[in-house]
Amino acid sequence: MISRIDLRGDALPEGPALRDLLPRAEFDVQAALEKVRPICEDVHHRGDAALIEYAERFDGVRLDQVRVPAAALTRALEELDPAVRAALEESIRRARTVHREQRRSTHTTQVVPGGSVTEKWVPVDRVGLYAPGGRSVYPSSVVMNVVPAQEAGVESIALASPAQAEFHGLPHPTILAACALLGVDEVYAAGGATAVAMFAYGTESCAPANMVTGPGNIWVAAAKRYFTGRIGIDAEAGPTEIAVLADDTADPVHVASDLISQAEHDPLAAAVLVTDSVELADAVEKELEPQVAATRHVDDRIVPALSGRQSAIVLVDGVDEGLRVVDAYGAEHLEIQTADATAVADRVRNAGAIFIGPWAPVSLGDYAAGSNHVLPTGGCACHSSGLSVQSFLRGIHIVDYTKDALAEVAHHVVTLAEAEDLPAHGAAIKARFGWKVPESK
């Protein structure tokens, strides 16, 4: 069901050479970009009419309007299963607890007497958030996007999720209920690239946004790439990934269940076990069979994901080598199930989120750890972070110098301006002192 890659015996290569040995899903955003380009431009030119047409083409439902009526949000919350409501409320509470601590405060540095630089943090004015609605429903993604935006102080928050024929053209009612719980009343029945285009350009019913965040399929990723520069984005999210670094202390039942938990997202989902224990590898392989057979989404998601080129058991000589492998891989989700897992986790440099030991599975992070589950994929954890309050803030430097403070450094500014052959830069300093730069004291 799952392949093996044996990296034992020989010295591991460095950098890209090691990454090339590791499994990864094919995810050609550039090819998808050419297909979403005309869709995005059609939304630009025809607005809501284009959104309605694409909902009928892609989602099989004819919409009367794109914006979800307030009454539908209220009804969805009223009809929500009480157990699901309680779980969502606890997820929101924990996410707020964590994300509230991420707020940045204004800080002033006194560089010299009379000269200071203040950094203040300002939220973006308006964000468009996306909650997928394809193979599964993701109210958890509503929580993970809305909470950090609210804690950052974003004043205008809109959310889009695909229209569902089963629910008369509305997004899934659990999505709507999550929005109502969070106080988000601007919700649109729009999916994929059309939703991103709606937020980027604006339409008759939806004002344009400064930023779009949220996970999605390859069409969402391609649309984000298309609009990069016009709007801010969080990331071009690819298929979900789990990597488990484990030794012979790990429980194969736990490891197998965690691999399966990510495989059930999508046939392109990646499940990777990195271990120095052949016995554990054998036991996990043996354990996969009955666990897969006992769950749902077997033939359309789990088996294709586990048997695909993106998933594997990677054998290494030891935990040190395993650390090099998982750092090269840069997983969205990384579990450490080894002896002294906390110390091992402390050595990891590249991961979207790290889960330590047997009692912190990825599923906990997906819903109720308090952490954010919108994370970098495709190895992007080597340079990018998951969604946070910081994602919605902009740092602005405020420079405040007196005449004396400027005079003290004026000759350095002029010197550097002339070294760069930008004499007008220097002249802007000289003009303030009667065209004669003061001598340094």
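All values below were derived from every heavy atom in this structure, side-chain atoms included, with hydrogens, water molecules and symmetry-related copies excluded.
- By the 4.0 Å N-to-carboxylate-O rule, Glu41 lies too far from Arg37 to be salt-bridged with it.
- Checking Gln337 against Glu335 by side-chain atom types alone, a donor-acceptor pair falls below 3.5 Å.
- Using a 4.0 Å cut-off between a side-chain N of Lys or Arg and a carboxylate O of Asp or Glu, Arg100 and Glu151 qualify as a salt bridge.
- Between Tyr201 and Phe227, the ring planes lie perpendicular to each other; the angle is over 60°, past the 30° to 60° tilted range.
- Ion pairing of Glu241 with Arg24 is present here, as a side-chain N (NZ or NE/NH1/NH2) and a carboxylate O approach within less than 4.0 Å.
- Open room surrounds CD on Glu26; 12 or fewer heavy atoms of other groups in view lie less than 6.0 Å from it.
- With rounding to the nearest 0.5 Å, the separation of CE in Met198 from OH in Tyr130 is 10.0 Å.
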Item to check | Test side chain to side chain contact (heavy atoms under 4.5 Å, CB included) applied to Glu155 and Asp125, step by step | outcome: CA-CA 6 Å; Glu155 292 186 356; Asp125 293 330; over 6 Å; no
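- In this structure the side chain of Val284 never reaches within 4.5 angstrom of the side chain of Glu287, judged on heavy atoms.
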Next on the checklist: Using the rule given for side chain to side chain contact (heavy atoms under 4.5 Å, CB included), can you reason through Thr275 versus Val316, listing the C-alpha separation, both sets of side-chain angles and the distance that settles it, and then say yes or no?
Outcome noted: CA-CA 6 Å; Thr275 183; Val316 293; 5.9 Å; no
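- Using the six-membered ring where Trp is involved, Phe199 and Tyr188 have ring planes that are perpendicular, over 60° apart on the 30 and 60° scheme.
- Pairing each heavy atom of Ala405 with each of Pro113, the nearest pair is CB-O, 3.7 Å.
- Checking Thr213 against Asn145 by side-chain atom types alone, a donor-acceptor pair falls below 3.5 Å.
- Contact between Pro148 and Asn372 at its shortest, heavy atoms only, is CG-ND2, 3.7 Å.
- If you check the side chains of Glu90 and Tyr367, you find no donor sitting under 3.5 Å from an acceptor.
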Checklist entry - Run the salt bridge (Lys or Arg N to Asp or Glu O under 4.0 Å) check on Asp282 and Arg4 step by step: do they pass? => result CA-CA 10 Å; Asp282 292 342; Arg4 290 197 187 192; 2.4 Å; yes
Checklist entry - Are Arg394 and Val124 close enough, and set up right, to give a side chain to side chain contact (heavy atoms under 4.5 Å, CB included), and what steps lead you there? => result CA-CA 7 Å; Arg394 298 160 292 141; Val124 296; 4.0 Å; yes
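- Two residues are said to be in side-chain contact when any heavy atoms from C-beta on lie closer than 4.5 Å; Tyr138 and His172 fail this criterion.
- Ionic pairing of Glu186 and Arg126 is present here: one or more N-O contacts between side-chain nitrogen and carboxylate oxygen are shorter than 4.0 angstrom.
- Leu280 places none of its side-chain heavy atoms less than 4.5 Å from the side chain of Asp248.
- Judged by distance alone, with hydrogens and angles left aside, the side-chain atoms of Ser257 form a donor-acceptor pair with the main-chain N or O of Val253 at under 3.5 Å.
- Separating the NE2 atom in His107 from the CH2 atom in Trp121 is a distance of 12.0 Å, to the nearest 0.5 Å.
- Separating the OG atom in Ser140 from the CG atom in Asp366 is a distance of 6.5 Å, to the nearest 0.5 Å.
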Checklist entry - Can you check side chain to side chain contact (heavy atoms under 4.5 Å, CB included) on Val292 and Val303, steps first, answer last? => result CA-CA 8 Å; Val292 168; Val303 170; 4.2 Å; yes
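- Between Glu236 and Arg225, at least one side-chain N (NZ, or NE/NH1/NH2) sits under 4.0 Å from a carboxylate O, which counts as a salt bridge.
- Ser141 and His373 are linked by a side-chain donor-acceptor pair at a separation below 3.5 angstrom, with hydrogens and angles left out of the test.
- Here CD1 of Ile260 is found 4.5 Å from CD of Gln291. Values are rounded to the nearest 0.5 Å.
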Item to check | Full working for side-chain hydrogen bond (donor to acceptor under 3.5 Å, both in side chains) between Glu34 and Tyr226 | outcome: CA-CA 9 Å; Glu34 298 309 312; Tyr226 183 66; over 6 Å; no
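- A salt bridge links Asp320 and Arg347; the closest N-O separation between the charged side-chain nitrogens and carboxylate oxygens is under 4.0 Å.
- Looking only at side-chain heavy atoms (C-beta outward), Val244 and Leu334 stay at 4.5 Å or farther from each other.
- Side-chain contact between Leu182 and Val142 is present, with at least one heavy-atom pair separated by less than 4.5 Å.
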Next on the checklist: Evaluate Trp359 against His254 for ring-ring contact (aromatic ring centres under 6.0 Å, His included), listing each step before the verdict.
Outcome noted: CA-CA 9 Å; Trp359 309 115; His254 296 171; 5.8 Å; yes
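- Here CG of Asp276 is found 9.5 Å from CD of Glu279. Values are rounded to the nearest 0.5 Å.
- When Ile175, Val68, Leu176 are each tested for a side chain to side chain contact (heavy atoms under 4.5 Å, CB included) with Ser161, only one passes: Ile175.
- In this model, a donor atom of one side chain and an acceptor atom of the other lie less than 3.5 Å apart for Gln262 and Thr240.
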